[in-house]
Amino acid sequence: MNAENRCFEIDSKGKIDRDNADVVTNPDISETLADIASRRADRRTVLKGILAAGIAAGVPFARSALASKVSKNTTLRFDEIAHEITPDHHVADGYSADILIRWGDGIFIDSPEFDPANLRADDQERQFGYNCDFIGYLPLPIGSNNPNHGLLCVNHEYSSVELMWQGANASELSKEQSDYDLSAHGHSIVEIIRRRGKWRIVANSQYNRRISARTTEMLISGPAAGHERLRTPSDPAGRRVIGTLNNCAGGVTPWGTILTCEENFDQYFGGTLPADHTETENFRRMGMPAGDRARSWYKYHERFDMSKQPNEANRFGYVVEIDPYNPDSTPVKRTALGRFKHEGATVWINRDRRVVVYSGDDQAFEFIYKFVSRRRYDPADREANMNLLDDGKLFVAKFEDNGTMRWLPLVFGEDNLTPENGFHSQADICIETRRAASIVGVTPLDRPEDVEANPVTGRVYAMLTNNSGRTEEQIDEVNPRAHNNYGQIIEMRPPGEGPDSDHTANVYEWDLLIVAGDPRNPEHHASYHPDVSENGWLVCPDNCAFDNQGRLWIATDQGSAQERNGIPDGIYATDTIGDGRGLTRFFYRVPRGAEMCGPFFTSDNKTLFVSVQHPAEGSSYADPWTRWPDFKDGVPPRPSVVAITKDNGGIIGD
Ligand code: FEO
Ligand code: CA
Ligand code: CA
């Protein structure tokens, strides 16, 4: 695929693929992969041989599953639902899936009523935003484990404007529509409580808060804060910025904050760069200027116009930390965790109490990172934990051909991260993290999405969603298929087990948990536990969560390929150890056109919150595939958070 000529993609329905995730902006890809191909030829041959043998025998597999005793003894006790694309959502028998909050629902006692015929930016600032994604549930009171009362913290990644206004196109919005769109992006914090089994919103809560791309001021901290590359006319100090963009997944910290992640922020930066601008290569690696993909905002707000304020684009692409327990707190962009298209950021407290944060960079042929704090987490001193993420070491993952992997440090002055290569301080590494990672020589992956650690085993799992652009010459063991439309799940094993595992180690082992796709179709070269059912296989793993028993719950996102693949997106669950390892089972499905995001369990595992994002995307305002969840004429489909509970009050999955 030619990255230079392919600044946007129009799919079969004419919809612009604004997230750009299939496009290759990594210029080193050919050289890197040629090297890898020659180094790994022997092992790849072995892997391909095993794959072929497995398929030929009708026995799809994950490599470790070969070693374990295979049986039908999954620990997951629900009856699977059908692989059907329908206008409504659906959960396994014996469970309820209740709408908790929808786009446009008021989150304050005096919020205006949702009026889809009259969408106003100031109203949206007081209502739940669009396209809910990451969910964090933080118990009340702070420091408790309360599973029935807490703060629901939800990302609003972007908006599907073609389903909000008749005839709207994100590149041709009016000023009023653009402002509404800005307000629909960001994050919501809403107090919720469970009474008599049902969750509801507490509208008069002191904690309720909208964080938007239009109005919310944020601080910038860490090595890049104040750097001249972050200075703009409205912020000559380079330390304050309005808004956070394209907040996809995220994480929670044990000190009670939210990490929300800026992913495809390139689509907001339009206009042209001045000729020979010093940031040209930096911006090109992120897909900017966005050209025809650009949302209209830059026409009305100078900071998004790269011909006028190019440095603004260096102020997005970070992990943002929010204290939801303090509604007056200022969110902070933590530059020490690097600048790239952060899918999520998940926290593991290491056995020595240093804080480890894992993060995937969601674009074809990009990388997986981890951050290790210098200071230690102190459970007794919340204030001292608040700036732990400003000081530490950033690493990037290199997968070796012998089943081991290495975390390579991104440190100024080491491994050619020097002035000769344009790095003059750690700030430059935090701003151009992708280029730094390419220089130290890492493994380009098939779109790394969520990365989460299993609380029981300590093993870490990365969802790779797909990469149709990978060629036969570019396959390796961790990306074993060319034209990968279906994705795979990597298992990374730090030394040690469970709480004793060492996530600060430089060397881990790795394996593939599943290779997604239809195991009955030999062309997919899929690989699961052999007992996976006709409803249990999945494609495009995206977000994920672990329950207390260490079972993995996987959310899928096929994008517009949902129609071609003929199966819906939803939640699948699997054991990761024992007889049920790799035996994925289908639990919940979203309405047609939606993707599944944000799975998050309460501490008792009796509620699973999920985000249903962009229902009906791919259809039109006048004739949407579904008007979920209202199903009323004149009311468009509404992205919503759903609370899934078991009807007998029990633990989900048991
Ligand atoms: Fe926003 Fe990578 O999904
Ligand atoms: Ca995602
Ligand atoms: Ca997603």
Side-chain angles (χ1 to χ4, degrees), residues 9 17-23 25 129-135 154-160 184-187 213 244-251 259-268 286-287 293 295 316-320 340-346 358-369 434 445-452 461-468 484 486-489 516 538-545 553-562 568-572 590 593-600 610-615 617-618 639-641:
E9 176 184 13
D17 180 6
R18 220 162 278 283
D19 73 13
N20 213 25
D22 291 343
V23 174
T25 59
Y130 206 90
N131 274 343
C132 38
D133 201 301
F134 169 77
I135 298 170
V154 184
N155 280 350
H156 302 296
E157 186 182 24
Y158 70 104
S159 33
S160 308
H185 282 64
H187 191 88
T244 177
L245 291 176
N246 210 262
N247 300 73
C248 188
L259 304 180
T260 175
C261 296
E262 299 185 316
E263 193 193 32
N264 297 303
F265 63 95
D266 51 312
Q267 65 187 276
Y268 307 100
M286 304 304 299
R293 290 186 301 112
R295 286 192 180 241
F316 294 88
Y318 297 107
V319 174
V320 184
F340 48 89
K341 295 185 180 178
H342 285 277
E343 170 69 23
T346 53
Y358 292 99
S359 191
D361 183 353
D362 181 9
Q363 190 150 13
F365 299 108
E366 292 297 338
F367 316 130
I368 292 172
Y369 298 81
R434 284 181 167 183
L445 298 163
D446 289 343
R447 288 187 56 194
E449 301 247 23
D450 255 6
V451 184
E452 295 260 1
Y461 295 80
M463 311 292 113
L464 304 192
T465 206
N466 57 46
N467 181 0
S468 58
N484 177 9
Y486 310 114
Q488 62 264 30
I489 298 178
L538 61 93
V539 296
C540 304
D542 183 342
N543 300 135
C544 66
W553 297 72
I554 304 158
T556 64
D557 171 19
Q558 305 164 69
S560 57
Q562 190 179 101
D569 281 317
I571 296 277
Y572 299 77
V590 294
E595 73 170 273
M596 184 86 272
C597 307
F600 200 93
V610 293
S611 282
V612 175
Q613 192 181 97
H614 60 70
E617 193 168 81
S640 302
V641 171

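We count ligands from 1, going down the list as the structure has it; atoms in each ligand are counted the same way.
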* Where do R293 and Q267 land on the side-chain hydrogen bond (donor to acceptor under 3.5 Å, both in side chains) test, with the steps shown first? -> CA-CA 6 Å; R293 290 186 301 112; Q267 65 187 276; over 6 Å; no
* Let me know which of E343, R447, R434 forms a side chain to side chain donor-acceptor pair (under 3.5 Å) with Q363. => R434
* Sequence neighbours left out, what passes side chain to side chain contact (heavy atoms under 4.5 Å, CB included) with P448? Give chain and number order. => I368, L445, L464
* Structure fact -> Rounded to 10°, the OD2/D362 to atom 2 (Fe) of ligand 1 to OE1/E343 angle comes out at 120°
* Structure fact -> D569 meets the side chain to side chain contact (heavy atoms under 4.5 Å, CB included) criterion, sequence neighbours left out, with T556, D557, Q558, Q562, V590, E595
* **atom 1 (Fe) of ligand 1 to nearest N/O/S of C248 less than 2.8 Å** => yes
* What's the shortest heavy-atom distance between C261 and N155, and which atoms? -> N-ND2, 4.3 Å
* Structure fact -> The atom of E449 among N, O or S that is nearest atom 2 (Fe) of ligand 1 is OE1
* Could you grab the angle centred on atom 1 (Fe) of ligand 1, going from OE1 in E263 to OE2 in E157, to 10°? => 80°
* To do: Compute the angle centred on the Ca ion (ligand 3) spanning OD2 of D542 and OE1 of E595, and express it rounded to 10 degrees.
  => 90°
